[in-house]
Asker: 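Below are the structure tokens for one structure; questions will follow.
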Amino acid sequence: MKVAVIGGGPTGLVTGMGLARRGHQVVAVDRDPGPPLDGGTWARRGVMQFHHAHAFRPQVGEVLRAEAPAAWDAWLALGGEPIEMPLPDGRTLPAGVRSRRETFERAVRSAALEQPGLEMRTGHVDGVTTRGGQARGIRVDGSDLEADLVVDASGRSGRVNRHLRAPGIGGECGIAYVDRAYRLLPNAPLPRMTNAIAWQGNYVGFMVLIFLHERGIFSALIIRSTADRNLVGLRHVRAFEAASAAIPGLAEWTATEVAEPLTDVLPGGPLLNVYRGQRGPSGDLALPGLVFVGDAVCTTTPNFGRGVTTSLTQVSELLRLIDVHGPDVEAVGEELDAWDEARMRPWVEDHIAMDHAQARRWAGDDIDLSGHLPSDVIMMAAAQDPSIGEAIGPYVSMQALPSVLGTVEERARAVYRSGWRPQPDPGPSREELADIVATAVPA
């Protein structure tokens, strides 16, 4: 087929490479011309999360090795660090890849540029062209590009086809964050980690995350409720540094004898948990011959680092369906929608429940035991009842859907009904952190 891909991020380009390797003719269009040829900073305008923290789970490597092996090789050449988790029997298990988003995206783009059958164009997509009630291509800067299939991989902010789709579920989640990148100094010991990818600190009224990337680079995030306006000042370097010094777990990573900052403080945009499938307001496909993948379907907050994984697993499924149905693009759309509903929507619903409950607890509410327990609350109860851990591994690794935690939910509820509550990590409370911010950045 002739395929037009809207969006030249990892989702669009891995889709394009996978299709081109199958013999399809693919054109991918993006407004961004790519990184500067002199190796300078790549602004990647319009992609808020580009310079922010990312986690790359094992599924990302699996999809790349299967569908875009040149991108996998380029990623490792640019410094991506595969993580192997040791098992008790001496074997190891892939646990993901440490990398910045920019390193990952440079690798994918460099491989895409060399892929026969895939053409990359810089331009603005004005809309999808139709004939006989079906997508027949796209209009790029006023000129028509014919296609048998159009793939919208324009991300969470893509607007060109938004009017065609049903509203979906979710929205802003009530959580915001600031982020700063650092590099560990030579010979500095690696500070403590919660798992192979990140360190997490839970405090009274806020959270801290460290995502370790390649070559000693890491991102430090302070996450708060959007209702907590007293912490907005964390976007200023002086306030962020004062907060980092006052939060013991964060200070272990950011102390001047441990690491050096690489960026200013990067405020995150509105964090969203949104799911939109393949259908329009009528319940039919939004437009036969047009499919949506990536953040255009499933967007979740970065707390668990699931975004790239959900996007590339969608790509894998789309390619499988095209292998099965070939040019029957309506069948591809119908089956992709059913798969999205079954495999992507649950992750968004999971985040909606967790993030709303987290914001309420930060505001002082107790854990609500009357209804469904959020996934993070179930997992915390494993500190008291280790048997709960049997469901945590499949959930955290995304080898099973969030419903797997339902098998241990009543055990967790019993833990909380006993009166036990998880204790915050040592550090300032939200009110104390607000005072630190106000002192560092007077109004």
Side-chain angles (χ1 to χ4, degrees), residues 1-47 50-51 54 56 58-82 97-125 137-138 140-141 145-155 213-215 291 293-294 308-309 311-320 322-323:
M1 293 186 292
K2 292 181 179 178
V3 182
V5 178
I6 305 172
T11 301
L13 295 185
V14 174
T15 301
M17 284 186 277
L19 288 169
R21 293 178 72 238
R22 287 163 165 78
H24 301 287
Q25 300 173 51
V26 186
V27 178
V29 182
D30 196 284
R31 292 177 298 176
D32 193 305
L37 297 177
D38 62 4
T41 300
W42 189 6
R44 200 68 172 98
R45 291 181 178 86
V47 185
F50 183 71
H51 295 290
H54 279 72
F56 297 92
Q59 293 92 329
V60 175
E62 291 169 7
V63 174
L64 284 191
R65 289 189 293 271
E67 305 296 352
W72 171 256
D73 292 340
W75 195 13
L76 300 188
L78 287 176
E81 300 175 0
V97 179
R98 294 185 181 126
S99 176
R100 290 169 294 165
R101 165 72 177 257
E102 181 174 355
T103 304
F104 172 65
E105 196 155 333
R106 282 179 183 268
V108 171
R109 187 178 180 88
S110 68
L113 287 168
E114 300 296 325
Q115 175 63 56
L118 170 59
E119 177 189 348
M120 296 175 61
R121 294 188 189 178
T122 302
H124 180 267
V125 177
I138 57 177
V140 182
D141 295 323
L145 172 67
E146 289 192 0
D148 304 303
L149 175 69
V150 177
V151 178
D152 188 332
S154 59
H213 307 310
E214 81 278 14
R215 295 173 175 167
V291 295
V293 289
V308 180
T309 300
S311 290
L312 291 197
T313 52
Q314 290 174 59
V315 170
S316 181
E317 179 63 12
L318 172 61
L319 294 172
R320 187 191 72 81
I322 291 172
D323 289 343

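Below, all heavy atoms of this structure are taken into account, side chains as well, without hydrogens, waters or symmetry copies.
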Asker: Would you name the heavy atoms of Ala70 and Ala111 that are closest together and state the gap between them?
Answerer: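 Minimum heavy-atom contact is C-CB, 3.7 Å.
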Asker: Compare all side-chain heavy atoms of Arg121 with those of Val140 and state whether any distance is below 4.5 angstrom.
Answerer: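 No, every pair of side-chain atoms sits at 4.5 Å or beyond.
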Asker: Between atom CZ of Phe104 and atom CD of Glu214, what is the distance when rounded to the nearest 0.5 Å?
Answerer: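 Rounded to the nearest 0.5 Å, the CZ-CD separation comes to 12.5 Å.
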Asker: According to side-chain hydrogen bond (donor to acceptor under 3.5 Å, both in side chains), who are the partners of Thr309, at least two apart in sequence or on a separate chain?
Answerer: none
Asker: Can you see which heavy atom on Ala153 is nearest to which on Val5, and at what distance?
Answerer: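 Answer, listing the atom of Ala153 first, then Val5: CB-CG1, 4.5 Å.
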Asker: Can you give me the closest heavy-atom contact between Arg109 and Trp42, atom names plus distance?
Answerer: CD-CH2, 3.9 Å
Asker: Measure the spacing between CG of Leu312 and CD of Glu62 and express it to the nearest 0.5 Å.
Answerer: 11.0 Å
Asker: Which residues satisfy the salt bridge (Lys or Arg N to Asp or Glu O under 4.0 Å) test with Asp32, sequence neighbours excluded?
Answerer: Arg44
Asker: Among all residues two or more places apart in sequence or in another chain, which pass the side-chain hydrogen bond (donor to acceptor under 3.5 Å, both in side chains) test with Glu317?
Answerer: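 Applying side-chain hydrogen bond (donor to acceptor under 3.5 Å, both in side chains) to Glu317 gives Arg320.
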Asker: Rounded to the nearest 0.5 Å, how far apart are CG of Leu145 and CD of Glu119?
Answerer: 8.0 Å
Asker: How long is the span from the CZ atom in Arg65 to the CG atom in Asp73, to the nearest 0.5 Å?
Answerer: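 Result: 10.5 Å between the selected atoms.
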Asker: Please name the pair of heavy atoms, one in Gly294 and one in Ser311, separated by the smallest distance, quoted to 0.1 Å.
Answerer: CA-OG, 3.4 Å
Asker: Which donor-acceptor pairs under 3.5 Å do the side chains of residues 12-28 make with protein atoms, sequence neighbours left out?
Answerer:
unit_1 : atom_1 : unit_2 : atom_2 : d
Thr15  : OG1    : Thr11  : O      : 2.7
Arg21  : NH1    : Ala66  : O      : 3.3
Arg21  : NH1    : Glu67  : O      : 3.2
Arg22  : NE     : Asp323 : OD1    : 2.7
Arg22  : NE     : Asp323 : OD2    : 3.2
Arg22  : NH1    : Gly18  : O      : 3.0
Arg22  : NH1    : Glu67  : OE1    : 2.7
Arg22  : NH2    : Glu67  : OE1    : 3.3
Arg22  : NH2    : Glu67  : OE2    : 3.3
Arg22  : NH2    : Asp323 : OD2    : 3.1
His24  : ND1    : Met1   : N      : 2.8

Asker: Of all heavy-atom pairs between Asp30 and Gly8, which one has the smallest distance, and what is that distance?
Answerer: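 Closest pair (atom of Asp30, atom of Gly8, distance): OD2-N, 2.6 Å.
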Asker: For residues Pro10 and Arg101, report the shortest heavy-atom separation together with the two atoms involved.
Answerer: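 Looking at all heavy atoms of both residues, the closest pair is CD-NH2, 3.7 Å.
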Asker: Restricting to salt bridge (Lys or Arg N to Asp or Glu O under 4.0 Å), what partner residues turn up for Arg106, sequence neighbours left out?
Answerer: Glu102
Asker: For residues 74-81, which side-chain N or O atoms pair as donor and acceptor with protein atoms under 3.5 Å away, sequence neighbours left out?
Answerer:
unit_1 : atom_1 : unit_2 : atom_2 : d
Trp75  : NE1    : Ser99  : OG     : 2.9
Glu81  : OE2    : Arg215 : N      : 2.6

